[in-house]
Amino acid sequence: MPVEFRKRSVVLRDHVTVEEAESLLSWLQDHPRGQVNLKHCRHLHTACLQVLLAARPSIRVMPTDPDLRRWLETLGPS
Amino acid sequence: MSTLVEQFVVEARELLQGISEQILALEARPEDSEALHELFRLVHTLKGNSGLVEAPAMTRVLHVAEDLIGAVRDGRQPFTQELADALLEALDFVALLVDELEQEGTVQAAHNHEATRHIQRLQALGDGAAPEASPPASAAAADDATPITLEALPEEARAVARERLQEGSPLHWIVYEPEEDCFFKGEDPFLLARQTPGVCWGRFSPREPWPALDAMDPYRCVLRFELLSEAPRAALEEHFSYVADQVCLQPVQASRPDADPVDPPAPVAIPDEAVQQILEAQQAVLQGPVDEGFDGRVQAVKAALEGLLKALGWESARDALEAALEASRQTRSPEPLRQWIAQTFGRHAEPTPDAGDTASETTPERQSNATSEAPRLPEARPRSSSTLRVSQERIDALMSLVGELVVAKNGLAYLAGKVQRDYELPELSREIKMHFAALHRIAEELQDAVMQVRMLPFAHVFQRFPRLVRDLARRLGKEVRLEIIGEETEADKHLIESLADPLIHLIRNSLDHGIEPPEERRARGKPAAGLLRIRTRQEGDRIWIEVSDDGRGIDPERIKRKAYEKGLVDEAALERMGPAEALQLLFRPGFSTASNVSDISGRGVGLDVVKRTVEQLGGSVRLESEPGKGTRFILSLPLSMMVTQVLVVEVQGQLYGLPVDAVVETVRVAPEAIQRIQHQDTLVLRNQVIPVESLQYRLNDCKPSHKAADTLSVVIVQQETSRVGLLVDDFRETLDVVLKPLPGVLAGLSLYAGSALLGDGTVLMILNLKTLLEPCRSNFGSEASSSVTT
């Protein structure tokens, strides 16, 4: 699964598809302080990107994929 | 061409036809909600199908058209004339793309501009009605390659842009605002943005403030992407071709290259928020690891900050910035710059905690089978498979086989006769005849069945006429009511298709020359709207098509005068000519009465072409007209081209076939009945003088040997308006034959229309009466004129 929900964090891997947006959103709603690990994420669908932008969770690990990392820099660890 | 494209082309044509019918229906009755729903459904289907082939321009245009029709359907927009015009034009464009797809297999990206033009026109009509469609529209409106200056770029992008421009690479600034419902079309704008060729800078931002999480709709795309790319424009257009209306593509221009770079622009009030964002971005850049790209990034940060200072008018702080940069470079640490930012912008800059990028969660990596693209929503489309599409070649092959079967079958009848005659076996002969009868019946039925397959209703060509008439009438400022009768009449596909152009020409002709403008009609006491009637009917094995109008009609005297002026006829002929004959002059090549050539019917394609086409199909055209009342063209055509009925005649022991259509009658006369008038044999038959030609002379160029026969056999044939008698040795039976064009070098023999195989295996040559009698008529004419001069 590209998305793995844990107790306090969610791990996004590889390609996160549009189908994950809803579950991601509800998880972030349920876990306002939940963290996001993008280390092995290579791409996330625009819908999921929007969820992250709106929810602004703290990003625990930025992606190792250099291109995605550059794009997400504004998302920044906060 | 792939089968997919092939199928798409066929279906697209059908759908386009249906769409234009519905639009016309709606034009007549805008309140017809059923037509509206049908229209929406058709456009939607076509759009969906177009997604299967590589034709983004088509998909985009159809998408906007669908939106617009949807707005009309929901009552947000009235159905107006302009809307119909715009839709029809857009659909013509789509039809053009379909044609190209059929010929080339692809659609060129060059059509994108045209597509955008149509889209803008449609969107302009739908504006206000569909507010969600307007932001992309405005984005597209700013398109058109107007360069954007460096200053107009956002702060962060400017440094990157300046650097690239100094390197001399062409830069494009791209603003991509995806549609809100783009996720449902399987689009991933972020992926598209990431994959942009030559992208060297990019960011995304929400188009509207984020709502509270519980009010958020994750499937509504509200992002805006801004990109800088070094790729050539063509590559970018290609990349964004599916969403071209949502993308604004502008070349980046260095700002006034000769101007002093420190020339301060007019200071503008910069909102704190913007400064904050810029600083955050710089902080983020400084966050990056200290690697080989560090120098570049620091440089970029410095450039951005410099720009910010300039914009804020804090030029004095520049030296300190330079110093900080220098320090950062030397120590290879972002710290000096960060401190400078903190000092200079104090309240804006916030400390940024370090990212804990080492704390990765190590779970065993599992292979993910997630697909990179969102799956397209499958469209359930029930489809009946009761019809079968078969290529025309196969039907043609089948038909020629049936033709051969008919010929082979005739051989059996010949055999039966031979068995009885030569071997005197009546029993066997009868049995053969019985088998022949059965075979004959089956062959006939088979022939009918194959012909049925090739049959198409006239509706196939007529369906485009309402649109044609509407467009023409509007252009000419005339009111025309089109009445089509008998569009269910069926005829051979080849015939129907070949008739399309002649019929269109006749319609144009009627609209242009026949039907008068409304004022003139009222003055003459006719209804303002002219009537154009097309009627078809089948009579026996012939098809009759009438194209009539109630316009001003044709004055035969004027035609005569014109023909004389143009040297088409001489005075003597003019005198002899009756009004009906005069009208037929219109079909002569080089005759055009329209004094000024209009773009509607004066295209250099005259009525002579109509006549030629119809004659090639084995038919004839007649013109009737009554001045002031109207004009009527009557086309008569054989139902099928497959079987021709011929009259077999004998000339010097050789058999020839004459098409029965042209034969008026056959007579046997006494040799004395044929009289010579001025080198021309003539025959007086029922008080009518008919020129007589010897077929033998025509064919073999040797003088006819008037044998001492008691009677002479003459076939009277009709050639246009005149009758000619053909002297033959004897008549035989009439036969149904399958006419085969002469092969190879023989094809040049215009005297023959073709050949057919008889039951006993001999070849029957079928004569082409038109070319056969042509020299005869010109001789006749020249002889007449020469006799005048001598």
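All values below were derived from every heavy atom in this structure, side-chain atoms included, with hydrogens, water molecules and symmetry-related copies excluded. Throughout, a chain's letter reflects where its sequence line sits, starting with A, and its residues are numbered from 1. Given the structure is predicted, the values throughout are model-derived calculations rather than measurements.
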Which heavy atom of B:Asp188 sits nearest to which heavy atom of A:Leu44, and what is that distance?
OD2-O, 4.4 Å
So with a 6.0 Å cut-off around CD of A:Gln29, is the heavy-atom count from everything else above 12?
yes
Could you tell me which portion of B:Ala193 (side chain, backbone, both or neither) has an atom closer than 4.5 angstrom to a non-hydrogen atom of chain A?
both
Looking only at heavy atoms, what is the nearest atom pair of B:Pro218 and A:Ala47, with distance?
O-CB, 3.5 Å
If you tally heavy-atom pairs under 4.5 Å against chain A, which of B:Cys182, B:Cys221, B:Pro209, B:Pro211 wins?
B:Cys221
Once you round to the nearest 0.5 Å, how far does CZ of B:Phe183 lie from CD of A:Glu19?
12.0 Å
Mind telling me whether A:Trp71 and B:Phe204 have parallel, tilted or perpendicular rings, with 30° and 60° as the class edges?
parallel
Which heavy atom of A:Gln50 sits nearest to which heavy atom of B:Val222, and what is that distance?
OE1-N, 2.6 Å
Could you report the tightest heavy-atom contact between A:Leu68 and B:Arg194, atom names first, then the distance?
CD1-NH1, 3.3 Å
Give the member of A:Thr64, A:Asp67, A:Val51 that has the highest number of heavy-atom pairs under 4.5 Å with chain B.
A:Asp67
Report the distance from atom CG of A:Leu25 to atom CG of B:Asp217, rounding to the nearest 0.5 Å.
9.0 Å
Reported CZ-to-CG distance for the pair B:Phe225 and A:Leu49, which is rounded to 0.5 angstrom
6.0 Å
Considering non-hydrogen atoms only, spot the tightest contact between A:Leu72 and B:Phe190 and give its length.
CD2-CZ, 4.4 Å
